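Below is one structure, written out as structure tokens; the observations come after it.
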Amino acid sequence: MLKIVTKFFTRIRVLSLFFLLVSLFLISRLYMLQIVQGENYEQEADRQHFAVRDIFNRGNIFFEDKDGERISACTLKSGFKLVINPSILKDPEAVYKEISALGLDINKETFLLRASKKTDPYEEIATKVDIEMAQRVKDLNLKGVILEREKWRFYPGGNLASHILGFVGYSEGEDTLEGIYGIEKYYDYALQRKDKDLNKNFFADIFSNLGGIILGNKSNKEGDLVLTIEPSVQANLETELQEISEELKTELAGGIIIDPNTGEIYGMALSPDFDLNNFREAEGVFFGNPLVENVYEMGSIIKAITMAAGLDSGVVTAETTYNDKGSLTLDGSKISNYDGRARGVVEMQEVLNQSLNTGVAFVVSQMGNDNFADYLRKLGFGEETGIDLPNEMYGLISNLNSPRDIEYATASFGQGIALTPIETTKALSALANGGFLITPHLVKEIDYGMGDSDKVFYEKKDKVFKEETSQEITRMLTAVVDNALLGGTVKSENYTIAAKTGTAQIAKKTEKGYHDDKYLHSFFGYFPATNPEFLVFLYVLDPKGVEYASHTLTEPFMDIFKFLVNYYEVKPDREEVKKFIKS
């Protein structure tokens, strides 16, 4: 009896499993027909009315706003291509008149030239023709005039995040469109779409991909991208940078807004930018991304890192003093404060407040050159950050291999070593987040469809500074804003802000030495200082008419600060941390 019952339940289980598998098959097949291959069948239907060749297809890219809503950054737009067959086209002049009378903008000379190629059965006349115009052309019923359905990459934001997104084009020697800049290039493997064969056996399709599904190999899977970029934050940053560029007539202005705890980048922009939908018309604009591809001597913002290294190694405190003589000579070379003036005996806090070159050189002398260089290397100086953009450059820090003291002294205030802006931002984030290294990144999710996705998350890496070091340098940088930055006039009554400016001479390209009249201005700050949610990095290259970064970038930084705390409704922290700031 027991055996019969067991067999009965076994059969029930087998039958249930069978019906479950059949149901899953039918649901999957329906999905494949209606969703995955629906576009292909749509193309088959189009062939009854329009000619169809291989149609460009590509995955989508989305921004995500602060509420988690996806907003299109890159998508596809549909339309038609107007083609003629000169071998059967009769009376090209008359055909041109009929088509141009519809309002389609076609150059007459070009049309007639292509129509004269009687041995050529295929000549493109116009692309990106919308459906309404295409139907009007079709209604003319002109022999030798063909409409082919096409799709093209479309960027709804136009200029928004142009240096981040990049665009698609033809690489040298290639006949298929692919990403050639920005996210489009870096994640081309996920955004590419291979042609779907409607006659391919469904089971063969499933089982051919079974290994990848089981093993979790998604490196060759097609997906849509969701970016960390918040579109309103990005737009605000771009507006600020454009205003800076116009006011200061600068060669280049750039900025990064990042979560110093996770490495998620909310905004990343450059001015000038360009219209992604008309990039061929951009003149004198670099399509790559100088924030990751170019290196600069960053100037005095590096003093915050030097001071943190001194605090962390225990050789100085905020109250440690030294005798500032205004300048010092090392290895036969002289370095001076920005104004050459001596301050006498001053504390380390004043080194940051007054941005004293001799002060950070003193910190390095107390640490030792090798110890100082080790801190910079641990922060990632001279290495790629791992950001998900192509062509990342690493910093140039060969001076830190020198036996000469002067090289380390100049590095302490950001001269003689050159870093990318993203490399600098990564290192500065360690001051804000408790001393950890982060990985800056722009993609937060790859969506494969059918509920399958990869959430992108980078754990904090090596700990460079002690927690108490992060707290102390933050307190000191907050005092800089409260008491020293533009005379303390930008102090926020509700929020603590930790910040530092930098002004660096620009090195000559064709000979040794620096320009006397060209500077790079930089600024970084994070807030609320007691529990930082945002770190903002700004820089301008060769601003005109203003000497110091405090006068070029403080106001834009404060504008960005006010926007962020209001937009994200950040809770004020000033009242809760009065003891945190020493007057």
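Bear in mind that the values here come from a model prediction, so they are computed numbers and not experimental data.
With hydrogens and angles ignored, the 3.5 Å screen pairs a side-chain donor or acceptor of T250 with a backbone N or O of L541. Using a distance-only test at 3.5 Å, with no hydrogens or angles considered, no donor-acceptor pair links the side chain of T554 to the main chain of H551. Judged purely by atom type and a 3.5 angstrom limit, E445 has no side-chain atom pairing as donor or acceptor with the backbone of D447. Judged purely by atom type and a 3.5 angstrom limit, Q234 uses its side chain to pair as donor or acceptor with the backbone of M268. In this structure, K544 contributes its side chain and D542 its backbone to a donor-acceptor pair below 3.5 Å. Put simply, the side chain of N57 never gets that close to the backbone of R193: no donor and acceptor are under 3.5 Å apart. Judged purely by atom type and a 3.5 angstrom limit, E222 has no side-chain atom pairing as donor or acceptor with the backbone of G59. Listed for the E423 side chain is no donor-acceptor partner under 3.5 Å among the backbone atoms of L419. Listed for the D67 side chain is no donor-acceptor partner under 3.5 Å among the backbone atoms of E69.
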Next item on the list: May I have the step-by-step check of salt bridge (Lys or Arg N to Asp or Glu O under 4.0 Å) for R58 and E184, ending in yes or no?
Entry: CA-CA 10 Å; R58 193 168 177 83; E184 291 272 29; 2.8 Å; yes

Next item on the list: Carefully, step by step, assess V536 and Y526 under the rule side chain to side chain contact (heavy atoms under 4.5 Å, CB included).
Entry: CA-CA 6 Å; V536 178; Y526 51 92; over 6 Å; no

Next item on the list: Determine, step by step, whether Y448 and D224 satisfy the side-chain hydrogen bond (donor to acceptor under 3.5 Å, both in side chains) criterion, reporting the C-alpha distance in whole Å, the side-chain angles of both residues, the deciding distance to 0.1 Å, and the verdict.
Entry: CA-CA 6 Å; Y448 303 108; D224 295 332; over 6 Å; no

Next item on the list: List the steps and the verdict of side chain to side chain contact (heavy atoms under 4.5 Å, CB included) for E98 and L142.
Entry: CA-CA 9 Å; E98 287 197 66; L142 299 170; 3.5 Å; yes

Next item on the list: Check step by step if side chain to side chain contact (heavy atoms under 4.5 Å, CB included) holds for I560 and L538.
Entry: CA-CA 10 Å; I560 293 170; L538 303 172; 4.0 Å; yes

Note to self: Does T552 form a side chain to side chain contact (heavy atoms under 4.5 Å, CB included) with L248? I'd like the steps, not just the answer.
What the structure shows: CA-CA 8 Å; T552 57; L248 301 176; 3.7 Å; yes

Check residues 71-78 and write down every donor-acceptor pair under 3.5 Å in which the side-chain atom is one partner and the other belongs to a residue at least two apart or another chain.
unit_1, atom_1, unit_2, atom_2, d
T75, OG1, N60, OD1, 3.3

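If you take CZ on F56 and NZ on K151, they are separated by 10.0 Å, rounding to the nearest 0.5 Å. Atom OG of S232 is separated from atom CG of D65 by 7.0 Å, given to the nearest 0.5 angstrom. I229 CD1 to I164 CD1: the interatomic distance, rounded to the nearest 0.5 Å, is 3.5 Å. Expressed to the nearest 0.5 Å, how far CG of L165 lies from CG of N289 amounts to 10.5 Å. The structure places OH of Y266 at 6.0 Å from OH of Y568, a figure rounded to the nearest 0.5 Å. If you take CG on L140 and CZ on R136, they are separated by 9.0 Å, rounding to the nearest 0.5 Å.
Judged by distance alone, the side chains of Q192 and D188 do bring a donor and an acceptor atom under 3.5 Å apart. Under the 3.5 Å distance criterion, with hydrogens and angles disregarded, a donor-acceptor pair is assigned to the side chains of D139 and Q135. A side-chain donor-acceptor contact under 3.5 Å links D388 and Y187. Between Y122 and E148, the side chains place a donor N or O and an acceptor N or O closer than 3.5 Å (distance only, hydrogens not considered). A donor-acceptor contact closer than 3.5 angstrom links the side chains of T385 and E392. With hydrogens and angles left out, the side-chain atoms of Q242 and E238 include no donor and acceptor closer than 3.5 Å.
By the ring pair (Phe, Tyr, Trp, His ring centres under 6.0 Å) test, H521 is found to be paired with no residue, residues two or more places apart in sequence or in another chain being considered. By the ring pair (Phe, Tyr, Trp, His ring centres under 6.0 Å) test, F563 is found to be paired with Y567, residues two or more places apart in sequence or in another chain being considered.
Between T420 and M298 there is no side-chain heavy-atom pair separated by less than 4.5 Å. At least one side-chain heavy atom of P290 sits less than 4.5 Å from a side-chain heavy atom of Y539. Looking only at side-chain heavy atoms (C-beta outward), T228 and H441 come within less than 4.5 Å of each other. Two residues are said to be in side-chain contact when any heavy atoms from C-beta on lie closer than 4.5 Å; I446 and L225 meet this criterion. Proximity of I422 to I256: side-chain heavy atoms (C-beta onward) are separated by under 4.5 Å at one or more points. At a threshold of 4.5 Å between non-hydrogen side-chain atoms, the residues L442 and L389 count as touching. Inter-residue side-chain proximity for L89 and N85 is flagged as unmet; no heavy-atom pair is nearer than 4.5 Å. For the pair L252 and Y296, the minimum side-chain heavy-atom distance is below 4.5 Å.
Minimum interatomic distance between L241 and G255 (heavy atoms only, all atoms of both residues): CD1-N, 3.7 Å. Closest non-hydrogen pair, T501 versus S550, comes out as CG2-CA, 4.0 Å. For the residue pair Y548 and T503, the shortest heavy atom distance occurs at CA-OG1, 3.7 Å. Considering every non-hydrogen atom in both V540 and A253, the closest pair reads CG1-CB, 3.8 Å. Scanning all heavy atoms of the two residues, the minimum distance from P121 to S87 falls at CA-OG, 4.4 Å. The two residues K81 and T127 make their nearest non-hydrogen contact at CG-CG2, 4.0 Å.
The neighbour count for Y394 OH, taken as heavy atoms of other residues, nucleotides or ligands under 6.0 Å away, does not exceed 12. More than 12 heavy atoms of other shown residues, nucleotides or ligands fall within 6.0 angstrom of atom CD in E150. Applying the 6.0 Å contact sphere to NZ of K117 captures more than 12 heavy atoms from other residues, nucleotides or ligands.
Of the residues D273, N277, N278, the one that meets the side-chain hydrogen bond (donor to acceptor under 3.5 Å, both in side chains) test with N159 is D273. Residue F274 forms a ring-ring contact (aromatic ring centres under 6.0 Å, His included) with just one option from F279, F286, Y181, F287, and that option is F287.
Salt bridge D120/K118: absent, no basic N to carboxylate O contact under 4.0 Å. Under a 4.0 Å N-O distance rule, the pair E178/K185 does not qualify as a salt bridge. Using a cutoff of 4.0 Å between basic side-chain nitrogens and carboxylate oxygens, K221 and D452 are scored as salt-bridged.
Classification of the F527-F534 ring pair by plane angle, with boundaries at 30° and 60°, yields tilted.
Checked against the 6.0 Å centroid threshold, F561 and Y495 count as a close aromatic pair. Two rings, from Y155 and F167, have their centers 6.0 Å or more apart.
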